[in-house]
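As structure tokens, the structure follows; a few thoughts come after it.
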Amino acid sequence: MLTLVIDNKAYSSWSLRPWVFLRHHGIALTEVRVPLYVGDYKARIAAYSAAARVPVLVDGEITVWESLAILEYLCERVPAARGWPADAAARAHARAISAEMHSGFPSLRQHLSMNMRKVYTWREWPPEVVMDIARVESSWAECRRSFAGAGSGNAGPFLFGAFTAADAMYSPVVWRLHGYSAPVSAATRAYLDAMLALPAMREWQAGAQAEAEVLAQFERET
Ligand SMILES: N[C@@H](CCC(=O)N[C@@H](CS)C(=O)NCC(=O)O)C(=O)O
């Protein structure tokens, strides 16, 4: 049985990535939730990983941390999930946009922190955030144009047709664009809606709603 250590569902964009992949594929997991800033939370996380950050995946003797490394591990561990696209070009592209997500989009992260209990009517769009969103939208459009849809053999509404690890990597951005009411294209909106309709995303959101902790640094006025 796999164990996934996560923190607050309301706020943890990092934890959502492997969790949504696991739940979407119905992969059995023991979930350990360590709420941020509660008691000795840091020591509790450090008991699983010396990096002392979540998510952490424990599979018997094997421990994996860093959300992208966890997804890579899961793709190998559960080949039936077809975590990466089968086609080599699509797979390389999926890995590239996942790495770009893992290390990039600092303005989006800084200004639009994830809060899965709220939908804001947001009006503050600094130019650097607009640039990050434009890059996300053009990247998603390129995936759909090149690797998904009619004729590609990859039916389905996700970035590469069927749901892949790349969709899991972008799942927090899906909520950010939705949750801050970002003005996006119709194609982006269709992708957001497909992702938000996933039972696994809805389950995470319900978990966020049920949480008691409120952390002011992740809350906004409007
Ligand atoms: N790059 C890491 C980031 C992990 C990370 O920053 N996790 C936050 C989640 S809120 C954390 O563990 N914070 C603990 C703390 O701030 O003490 C990943 O992809 O997993």
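Ligands are counted one by one from 1 in listed order, and the atoms in each one are counted from 1 as well.
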Practice prompt. May I ask you to decide whether E72 forms a salt bridge with R77, counting only side-chain N to carboxylate O separations under 4.0 Å?
Written response: no

Practice prompt. Considering the heavy atoms of H102, write down every atom of ligand 1 situated less than 4.0 Å from one of them.
Written response: 1 (N), 18 (C), 19 (O)

Worksheet entry | Residue portion contacting ligand 1 (non-hydrogen atoms closer than 4.0 Å) for L36 | side chain

Fill in: Protein contact of atom 3 (C) of ligand 1 - nearest heavy atom, named by residue and atom, plus distance
W14 CD2, 3.4 Å

Item to complete: Provide the number and element of each atom of ligand 1 under 4.0 Å from a heavy atom of S67.
Response: 18 (C), 19 (O), 20 (O)

Worksheet item: Are E100 and R135 close enough for a salt bridge, meaning some N to O gap below 4.0 Å?
Response: yes

Discussion item. When you compare ligand 1 with P55, is there at least one nitrogen or oxygen pair between them that comes in under 3.5 angstrom?
Written reply: no

Worksheet item: Considering distance alone, does some N or O of R53 sit under 3.5 Å from an N or O of ligand 1?
Response: yes

Worksheet entry | F158 side chain near T164 side chain, heavy-atom distance below 4.5 Å | no

Practice prompt. Specify the closest pair of heavy atoms between Y48 and R44, including all atoms of both residues, with the distance to one decimal.
Written response: CD1-O, 3.3 Å

Practice prompt. Look at atom 10 (S) of ligand 1 and find which of V56, D7, V34 reaches it with the closest heavy atom.
Written response: D7

Worksheet item: So, D193 and R189, do they make that salt bridge, N to O below 4.0 Å?
Response: yes

Worksheet item: How are the rings of W204 and W19 set to each other: parallel, tilted or perpendicular (split at 30° and 60°)?
Response: perpendicular

Practice prompt. Among S12, P172, S98, P55, find the one that has a side chain to side chain contact (heavy atoms under 4.5 Å, CB included) with R17.
Written response: P172

Item to complete: Would you name the heavy atoms of E211 and K9 that are closest together and state the gap between them?
Response: OE2-N, 2.6 Å

Worksheet item: Of all the non-hydrogen atoms in the protein, which one sits nearest to atom 15 (C) of ligand 1, and at what distance?
Response: K42 NZ, 3.4 Å

Item to complete: Could you tell me the residue and atom name of the protein heavy atom closest to atom 1 (N) of ligand 1, and the distance to it rounded to 0.1 Å?
Response: E66 OE1, 2.8 Å

Worksheet item: Counting only heavy atoms, which portion of Y41 has something under 4.0 Å from ligand 1: side chain, backbone, both, or neither?
Response: side chain

Worksheet item: Considering only protein heavy atoms, which is closest to atom 7 (N) of ligand 1, and at what distance to one decimal place?
Response: V54 O, 2.8 Å

Discussion item. Please confirm whether Y11 approaches ligand 1 to less than 4.0 Å, judged on its heavy atoms.
Written reply: no

